[in-house]
Amino acid sequence: MSDSSTSPSSSRIEPERVRALLKAERADTLARIASLSREYDGIVEANALVAVDDEHDPEGSSTAFERSHIASLRAQARSSLDDLERAAQRLDAGDYGLCEDCGGPIPEERLLVRPAASTCVRCAAAVRR
(Lines give C-alpha, C1' and ligand atoms only; values in the text may rest on other atoms or scores of the structure.)
Protein backbone atom coordinates (compact mmCIF):
# COMPACT_ATOMS: atom_id res chain seq x y z
CA MET A 1 0.00 0.00 0.00
CA SER A 2 1.22 3.45 -0.84
CA ASP A 3 1.42 6.33 1.54
CA SER A 4 -1.41 8.79 0.91
CA SER A 5 0.99 11.72 1.42
CA THR A 6 2.75 10.98 -1.84
CA SER A 7 1.35 11.97 -5.20
CA PRO A 8 0.06 9.22 -7.49
CA SER A 9 2.80 9.93 -10.00
CA SER A 10 5.67 9.93 -7.52
CA SER A 11 4.53 6.59 -6.07
CA ARG A 12 5.24 4.93 -9.45
CA ILE A 13 8.94 5.78 -9.19
CA GLU A 14 10.49 5.14 -5.83
CA PRO A 15 11.79 8.34 -4.21
CA GLU A 16 15.20 6.69 -3.70
CA ARG A 17 15.46 6.04 -7.42
CA VAL A 18 14.46 9.64 -8.20
CA ARG A 19 17.05 10.94 -5.74
CA ALA A 20 19.71 8.76 -7.40
CA LEU A 21 18.72 10.04 -10.86
CA LEU A 22 18.77 13.66 -9.67
CA LYS A 23 22.12 13.15 -7.94
CA ALA A 24 23.67 11.61 -11.07
CA GLU A 25 22.28 14.41 -13.28
CA ARG A 26 23.57 16.99 -10.80
CA ALA A 27 27.07 15.46 -10.81
CA ASP A 28 27.13 15.39 -14.62
CA THR A 29 25.92 18.98 -14.80
CA LEU A 30 28.50 20.21 -12.29
CA ALA A 31 31.23 18.44 -14.28
CA ARG A 32 29.95 20.06 -17.50
CA ILE A 33 29.96 23.51 -15.84
CA ALA A 34 33.51 22.98 -14.59
CA SER A 35 34.69 21.83 -18.02
CA LEU A 36 33.03 24.76 -19.80
CA SER A 37 34.46 27.18 -17.23
CA ARG A 38 37.97 25.82 -17.84
CA GLU A 39 37.46 26.10 -21.59
CA TYR A 40 36.14 29.66 -21.29
CA ASP A 41 39.01 30.68 -19.01
CA GLY A 42 41.48 29.12 -21.46
CA ILE A 43 40.09 31.19 -24.33
CA VAL A 44 40.20 34.38 -22.29
CA GLU A 45 43.73 33.60 -21.09
CA ALA A 46 44.97 32.81 -24.59
CA ASN A 47 43.51 36.03 -25.94
CA ALA A 48 45.07 38.04 -23.14
CA LEU A 49 48.51 36.95 -24.35
CA VAL A 50 47.89 38.22 -27.87
CA ALA A 51 46.93 41.72 -28.87
CA VAL A 52 43.73 40.81 -30.66
CA ASP A 53 41.65 43.40 -32.42
CA ASP A 54 38.36 41.54 -32.89
CA GLU A 55 37.12 44.10 -35.36
CA HIS A 56 40.03 43.85 -37.79
CA ASP A 57 41.56 40.45 -37.06
CA PRO A 58 40.09 37.69 -39.27
CA GLU A 59 40.32 35.29 -36.33
CA GLY A 60 38.89 37.79 -33.85
CA SER A 61 35.25 37.21 -34.76
CA SER A 62 35.57 33.45 -34.38
CA THR A 63 37.25 33.92 -31.01
CA ALA A 64 34.45 36.17 -29.86
CA PHE A 65 31.88 33.68 -31.17
CA GLU A 66 33.61 30.78 -29.43
CA ARG A 67 33.76 32.70 -26.16
CA SER A 68 30.10 33.66 -26.46
CA HIS A 69 29.06 30.13 -27.39
CA ILE A 70 30.82 28.59 -24.41
CA ALA A 71 29.36 31.23 -22.09
CA SER A 72 25.90 30.37 -23.42
CA LEU A 73 26.44 26.64 -22.91
CA ARG A 74 27.64 27.31 -19.37
CA ALA A 75 24.55 29.44 -18.64
CA GLN A 76 22.32 26.63 -19.95
CA ALA A 77 24.11 24.13 -17.70
CA ARG A 78 23.62 26.42 -14.70
CA SER A 79 19.93 26.69 -15.57
CA SER A 80 19.75 22.88 -15.72
CA LEU A 81 21.36 22.74 -12.29
CA ASP A 82 18.65 25.08 -10.96
CA ASP A 83 16.00 22.82 -12.52
CA LEU A 84 17.51 19.81 -10.76
CA GLU A 85 17.48 21.66 -7.42
CA ARG A 86 13.80 22.55 -7.92
CA ALA A 87 13.02 18.92 -8.77
CA ALA A 88 14.64 17.80 -5.51
CA GLN A 89 12.54 20.36 -3.65
CA ARG A 90 9.37 19.08 -5.37
CA LEU A 91 10.35 15.54 -4.35
CA ASP A 92 10.76 16.63 -0.73
CA ALA A 93 7.41 18.46 -0.84
CA GLY A 94 5.60 15.48 -2.38
CA ASP A 95 4.86 17.34 -5.62
CA TYR A 96 7.39 15.52 -7.80
CA GLY A 97 5.84 13.99 -10.89
CA LEU A 98 2.98 16.46 -11.11
CA CYS A 99 2.83 18.98 -13.95
CA GLU A 100 3.35 22.53 -12.70
CA ASP A 101 1.00 23.84 -15.40
CA CYS A 102 -2.03 21.52 -15.41
CA GLY A 103 -1.48 19.52 -12.21
CA GLY A 104 -1.73 16.21 -14.04
CA PRO A 105 0.80 13.41 -13.74
CA ILE A 106 4.04 13.54 -15.70
CA PRO A 107 4.58 10.18 -17.44
CA GLU A 108 7.13 7.97 -15.71
CA GLU A 109 9.02 7.56 -18.99
CA ARG A 110 9.50 11.33 -19.21
CA LEU A 111 10.75 11.51 -15.63
CA LEU A 112 13.22 8.69 -16.20
CA VAL A 113 14.67 10.51 -19.22
CA ARG A 114 14.38 14.03 -17.76
CA PRO A 115 14.31 13.72 -13.97
CA ALA A 116 14.01 17.51 -13.61
CA ALA A 117 10.94 17.70 -15.87
CA SER A 118 8.30 19.95 -14.32
CA THR A 119 5.63 19.68 -17.00
CA CYS A 120 3.78 16.85 -18.70
CA VAL A 121 4.37 16.17 -22.38
CA ARG A 122 1.20 17.98 -23.46
CA CYS A 123 2.02 21.18 -21.55
CA ALA A 124 5.67 21.09 -22.66
CA ALA A 125 4.58 20.74 -26.30
CA ALA A 126 2.13 23.63 -25.90
CA VAL A 127 4.94 25.94 -24.78
CA ARG A 128 6.97 25.17 -27.93
CA ARG A 129 4.18 26.20 -30.31
Side-chain angles (χ1 to χ4, degrees):
M1 238 169 129
S2 68
D3 183 346
S4 62
S5 68
T6 61
S7 69
S9 181
S10 66
S11 64
R12 291 181 294 164
I13 306 174
E14 306 91 31
E16 298 79 26
R17 184 172 183 195
V18 173
R19 286 190 204 292
L21 287 170
L22 292 172
K23 184 177 179 179
E25 287 283 327
R26 187 176 190 282
D28 289 347
T29 303
L30 286 170
R32 189 168 63 246
I33 290 169
S35 174
L36 289 166
S37 293
R38 284 190 301 274
E39 192 171 348
Y40 183 88
D41 292 345
I43 292 169
V44 170
E45 191 174 305
N47 284 333
L49 300 174
V50 180
V52 176
D53 179 2
D54 284 356
E55 189 175 328
H56 298 100
D57 183 0
E59 293 297 317
S61 61
S62 63
T63 301
F65 171 80
E66 188 175 350
R67 190 174 52 235
S68 177
H69 180 70
I70 291 171
S72 177
L73 291 173
R74 187 173 56 180
Q76 289 173 358
R78 287 180 176 151
S79 178
S80 294
L81 190 61
D82 291 342
D83 291 345
L84 291 165
E85 295 297 328
R86 283 192 298 277
Q89 291 169 356
R90 286 193 309 275
L91 183 63
D92 292 339
D95 295 332
Y96 184 81
L98 295 177
C99 178
E100 290 182 342
D101 291 345
C102 72
I106 299 172
E108 179 178 356
E109 296 81 15
R110 179 168 169 76
L111 293 172
L112 291 174
V113 174
R114 290 197 65 224
S118 62
T119 57
C120 66
V121 176
R122 185 184 55 191
C123 290
V127 170
R128 291 187 189 141
R129 290 183 205 165

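The shortest heavy-atom contact between C120 and R110 is C-NE, 4.0 Å. The minimum heavy-atom distance between A117 and L111, with the atom names listed, is O-CD2, 4.0 Å. The two residues A87 and L22 come nearest to each other via the heavy atoms CB-CD2, 3.8 Å. The heavy-atom pair separating R78 from S37 by the smallest distance is NH2-OG, 4.2 Å. For G103 against L98, the heavy-atom pair with the smallest separation is O-CD2, 3.8 Å. Pairing each heavy atom of I70 with each of L36, the nearest pair is CG2-O, 3.4 Å.
At a threshold of 4.0 Å, the pair E25-R114 does not count as salt-bridged, since none of the basic side-chain nitrogens sits closer than that to a carboxylate oxygen. In this structure, D41 does not pair ionically with R38, as no charged nitrogen and carboxylate oxygen lie closer than 4.0 Å. A salt bridge does not link R26 to D83: none of the charged side-chain nitrogens sits closer than 4.0 Å to a carboxylate oxygen.
When atom types are taken as modelled, the side chain of R90 and the backbone of A116 share a donor-acceptor pair closer than 3.5 angstrom.
Residues E100 and I106 form no side-chain contact, since every pair of their non-hydrogen atoms from C-beta on lies 4.5 Å or further apart. Side-chain contact between E16 and R19 is absent, with no heavy-atom pair separated by less than 4.5 Å. You'll find the side chain of P115 stays beyond 4.5 Å of the side chain of V18, heavy atoms only. Put simply, the side chain of Q89 does not reach to within 4.5 Å of the side chain of D95, judged on heavy atoms.
Atom CD1 of I13 and atom CD of E108 lie 4.5 Å apart (nearest 0.5 Å).
Partners of T29 under the side-chain contact (heavy atoms from CB on, under 4.5 Å) rule, at least two apart in sequence or in another chain, are R32, I33, A77, S80, L81, L84.
Note on L73: it clusters hydrophobically with V44, by side-chain heavy-atom contacts below 4.5 Å among ILVMFWY residues.
Sorted by first and then second residue, the ring-ring contact (aromatic ring centres under 6.0 Å, His included) pairs with a member in residues 67-92 read F65-H69; sequence neighbours excluded.
A cation-pi contact links R74 to Y40, judged by a cut-off of 6.0 Å to the six-membered ring centre and 45° from its axis.
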### Full working for side chain to side chain contact (heavy atoms under 4.5 Å, CB included) between R86 and S118
CA-CA 9 Å; R86 283 192 298 277; S118 62; over 6 Å; no
